[in-house]
Amino acid sequence: MATISVEIVSAEREIFSGEADMVVAAAESGDVGIAAGHAAFISRLRAGEIRVLNGDEEDSIFVTGGILEVQPKQITVLADTAERSDDMDEAQAEDARRRAEEMMAGGGGEIDLAAAQRELVQASARLHYIKKLRTKR
Amino acid sequence: MASAKEIRTKIKSIQNTQKITKAMEMVAASKMRRAQDRMKATKPYAQKMREMVAHIAAANSEYRHSYLVDRPVKRVGVIVISTDRGLCGGLNSNLFKRSIGVLREFEDQEVEVDVCLFGRKAGSFFKRLNCNIVSEASGLGDAPEINDIMGAIQVMLNAHAEGKIDRLLLIQNEFVNTMTQQSETVQLIPVKAEEDELQAKHWDYIYEPDAKDVIDGVMTRYIESLVYQGVVENVACEMAARMVAMKSASDNAGTLIGELQLVYNKARQAAITQEISEIVGGAAAVS
């Protein structure tokens with residue numbers, strides 16, 4: 001089966017670079033799976049998981065949002081922030097979620113509320129991701 | 001000839017200065033290494049961003065983003081990235097020389113200029129120039145955060161969206177290597193797409209959720225990432241320039257101390273010789 005080259009970079013560093021059979025990502029209007037030869041495609045990403053499948057191997061990366069670009073031979077993910085599964089900490093994620101919830105409840109200005117909401121979505125997605133990883137192991 | 005005591009105090013004071021410049025050199029060297037790492041880490045993102053924007057420019061989309069359109073120039077925006085602190089050689093003065101050149105060029109074409117400044121040095125310099133400063137950000141520190149620079153950029157992007165400015169330039173320092181930093185002018189808007197083999201074909205993306213949303217998002221990010229990259233690179237430039245400047249200051253202090261030491265020795269010898277000849281002369285007169 002043909003492979004497609006995948007590059008995942010965040011503003012801070014390069015996260016993943018290599019070949020893959022398929023990439024599964026959380027695009028804004030639903031999850032997408034992309035294999036070699038896919039039509040040119042561009043989408044924003046939700047906070048969620050990106051799975052890079054290559055044979056029996058699977059890499060899992062969490063992004064808080066970003067852009068996914070697909071060219072026939074190349075997939076590029078520009079993540080706002082990205083973390084590999086090994087770097088994730090459940091306690092921290094839970095903490096972030098609680099903070100976001102408190103911020104929502106406090107509800108200052110309208111802009112604050114929007115920011116809090118975004119943070120809450122990200123924190124929940126992260127928590128969901130970690131829980132899922134746990135059950136897999 | 002100055003007295004031996006005077007020369008000795010002079011040597012002392014130069015030695016103190018040398019201690020300071022040496023310390024600054026070492027601090028700058030260690031900070032530079034970290035800044036360089038940071039610069040390297042942010043490079044892939046900026047590079048991918050440029051590629052993606054080149055692809056978007058090459059795609060035959062029904063939606064053409066305003067950053068891709070070359071409008072007739074009535075007013076331009078200029079973003080200048082400088083350091084917060086001085087004592088870094090000619091880094092800022094080279095940058096400002098280039099900025100003045102750019103400003104003068106537009107003045108000749110009777111185009112008005114809005115400037116957006118990063119770094120305290122640019123702030124104090126451009127205030128004297130009497131130009132229209134629309135936004136400013138300083139005190140970004142050695143590890144700048146993208147959130148801290150977004151506000152200042154947003155002012156410029158809004159001005160472009162409202163049609164107040166038609167072109168956006170970035171004047172920044174480029175890190176060539178430790179010894180060399182160059183000022184350069186980069187055109188941000190309209191986007192100068194890199195040549196790409198995709199340009200030859202007729203194709204378009206599948207956009208999700210729709211072309212306008214996605215492209216708007218990418219374009220804003222693109223400008224932000226380029227400016228952010230510039231700010232991060234500038235920190236590396238600052239540290240490298242300071243390290244070199246402080247090294248040459250320490251070396252100069254060393255040679256100065258050497259020269260003064262010679263003069264001091266001569267003065268001391270002269271004083272001793274004089275004293276002896278006075279004693280001998282006195283003894284001869286008595287006997």
Side-chain angles (χ1 to χ4, degrees), chain A residues 5-18 23-35 37-48 50 61 63-84 111-112 114-115 118-119 122, chain B residues 37-61 63 65 143-151 154 196-198 201-222 224-229 231-232:
Chain A
S5 85
V6 182
E7 302 224 28
I8 300 175
V9 291
S10 76
E12 286 99 29
R13 65 203 160 117
E14 191 162 48
I15 305 279
F16 181 93
S17 171
V23 172
V24 181
E28 200 165 74
S29 25
D31 287 9
V32 289
I34 291 153
H38 195 285
F41 174 78
I42 191 165
S43 170
R44 281 204 303 250
L45 293 175
R46 287 179 288 129
I50 295 180
I61 291 143
V63 297
T64 54
I67 304 151
L68 167 78
E69 190 215 14
V70 180
Q71 289 289 342
K73 286 176 192 150
Q74 167 85 41
I75 299 176
T76 311
V77 176
L78 291 179
D80 296 345
T81 55
E83 287 161 78
R84 273 186 176 273
I111 302 160
D112 272 348
R118 199 166 51 236
E119 216 149 288
Q122 282 179 8
Chain B
D37 289 344
R38 214 169 288 124
M39 185 177 80
K40 269 189 207 126
T42 55
K43 270 239 161 97
Y45 188 84
Q47 181 54 36
K48 288 284 154 212
M49 203 75 204
R50 262 193 289 261
E51 281 171 24
M52 198 182 278
V53 167
H55 291 167
I56 288 177
N60 300 307
S61 171
Y63 174 67
H65 194 271
E145 299 259 340
I146 197 156
N147 289 334
D148 297 335
I149 66 168
M150 241 140 52
Q154 201 57 47
D196 204 289
E197 75 270 20
L198 286 169
K201 285 182 261 171
H202 191 92
W203 64 282
D204 194 14
Y205 285 112
I206 302 167
Y207 297 93
E208 209 173 275
D210 67 80
K212 188 176 179 307
D213 271 7
V214 175
I215 293 178
D216 282 356
V218 172
M219 286 300 172
T220 314
R221 292 241 134 212
Y222 169 70
E224 278 167 8
S225 83
L226 281 191
V227 177
Y228 180 65
Q229 170 75 16
V231 170
V232 172

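In what follows, chains carry the letters A, B, and so on, assigned in the order in which the sequence lines appear, proteins first and then strands, with residues in each chain numbered from 1.
In this structure, chain B has a heavy atom under 4.5 Å from the backbone of A/Ser10, while its side chain stays farther away. With a threshold of 4.5 angstrom between heavy atoms, B/Ile56 approaches chain A through side-chain atoms but not through N, CA, C or O. Heavy atoms of B/Thr42 lying under 4.5 Å from chain A belong to its backbone as well as its side chain.
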Between A/Thr76 and B/Glu51, is the side-chain contact (heavy atoms from CB on, under 4.5 Å) condition met? List the steps. CA-CA 10 Å; A/Thr76 311; B/Glu51 281 171 24; 5.6 Å; no
A/Asp80 and B/Arg221: side-chain contact (heavy atoms from CB on, under 4.5 Å), yes or no, with the steps? CA-CA 10 Å; A/Asp80 296 345; B/Arg221 292 241 134 212; 3.2 Å; yes
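One finds the CG atom of B/Asp213 at 12.0 Å from the CD1 atom of A/Ile42 (value rounded to the nearest 0.5 Å). Note that NZ of B/Lys48 is 3.5 Å distant from CD of A/Glu7, once rounded to the nearest 0.5 Å. To the nearest 0.5 Å, atoms CD (A/Glu28) and CG (B/Asp210) are separated by 9.5 Å.
Atom CD of B/Glu145 is surrounded by 12 or fewer heavy atoms from other residues, nucleotides or ligands within 6.0 Å.
A heavy-atom distance below 4.5 Å is found between the side chains of A/Ile67 and B/Met52. When side chains are defined from C-beta on, A/Gln71 counts as touching B/Tyr205, because their heavy atoms get closer than 4.5 Å.
A/Ala39 approaches B/Ile206 most closely through the heavy-atom pair CB-CD1, 3.9 Å. Here the closest non-hydrogen pair linking B/Met49 and A/Leu78 is SD-CD1, 3.1 Å. Summarising the geometry of B/Tyr45 relative to A/Ala79, their closest heavy-atom pair is CE1-O, 3.5 Å, with the distance given to 0.1 Å.
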